[in-house]
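Everything below concerns the one structure shown next.
Residue numbering restarts at 1 for every chain, and letters A, B, ... go by the order of the sequence lines. Below, each value reflects all heavy atoms present in this structure, side chains not excepted, and no hydrogens, waters or symmetry copies.
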Amino acid sequence: MTHYWLMKSEPSEVSVDDALAAPKSTVAWTGVRNYQARNFMRDLMRVDDGVLFYHSSCAEPGVVGIGRVASTPYPDPTQFDPASKYHDPKATPETPRWQLVDVQVLRKTRTLGLAELREAPGLEDLVILRRGNRLSITPVEPRHWKIIQKLLG
DNA sequence: GCCAACGTTGGC
DNA sequence: GCCAACGTTGGC
């Protein structure tokens, strides 16, 4: 069963252009330090699940690309790196705490901004639009995915 | 920079 | 296990 996901990235860290410029247009989704978001990657994601690449904490927050889950889960290497701001002193290679997947960008899209998402009929209950939602990875229902694909053209 | 809404931490 | 204090997220 294919699932769909919305994955937030700060473009100052990894933008959709950065991902496109990477080998195979693929990046490891490092830095997730929230258990619920981790569990989505670790337990529910499958290779070829659909991904909405979303830019947050920037001038134009919104969906900027379409991608796919490109790997099974594996330990986030930054948790073991003392020099990384994502270092987790409680994590060891024997007992990793944070898992990630690789994400491959399939195409860059126009920026489908928050305001347009909020106005689109049928997207009212998209998880990311719910009040107070801060999760960096959220599931997207197939009907939402279809509407967003249509908006992106 | 503000601040609402959460998640995490740590003393008890 | 409770819960107050604290830290973070992220749009505005």
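- Salt-bridge annotation for A:K8 and A:E13: absent, with no side-chain N of the basic residue lying under 4.0 Å from a carboxylate O of the acidic one.
- For B:dC6, the OP1/OP2 oxygens have no side-chain nitrogen or oxygen of A:Y35 closer than 4.0 Å.
- We find that CG of A:N133 is positioned 12 Å from C1' of C:dG11, with the value rounded to whole Å.
- Rounded to a whole Å, the CZ atom of A:R33 is 13 Å from the P atom of B:dT9.
- Computed from coordinates, the A:L135 CG to C:dT9 C1' distance equals 11 Å when rounded to whole Å.
- In this structure, A:K8 atom NZ and C:dT8 atom P are separated by 16 Å, rounded to whole Å.
- To the nearest angstrom, C1' of C:dG10 lies 10 Å from CD1 of A:I128.
- Checked against C:dC12, C:dG10, B:dC6, the side chain of A:R134 finds its nearest nucleotide in B:dC6.
- Residues A:T78 and A:R33 have side chains that bring a donor and an acceptor to within less than 3.5 angstrom of each other.
- We find that CD of A:Q36 is positioned 11 Å from C1' of B:dC6, with the value rounded to whole Å.
- As a whole-Å value, the separation of A:R131 CZ from B:dA5 C1' is 8 Å.
- When only modelled atom types and interatomic distance are considered, A:R68 and A:Q104 share a side-chain donor-acceptor pair under 3.5 Å.
- Note: OH (A:Y86) to C1' (C:dG7) measures 16 Å, nearest angstrom.
- Crowding of A:Q149 atom CD: a count of heavy atoms from other residues, nucleotides or ligands under 6.0 Å exceeding 12.
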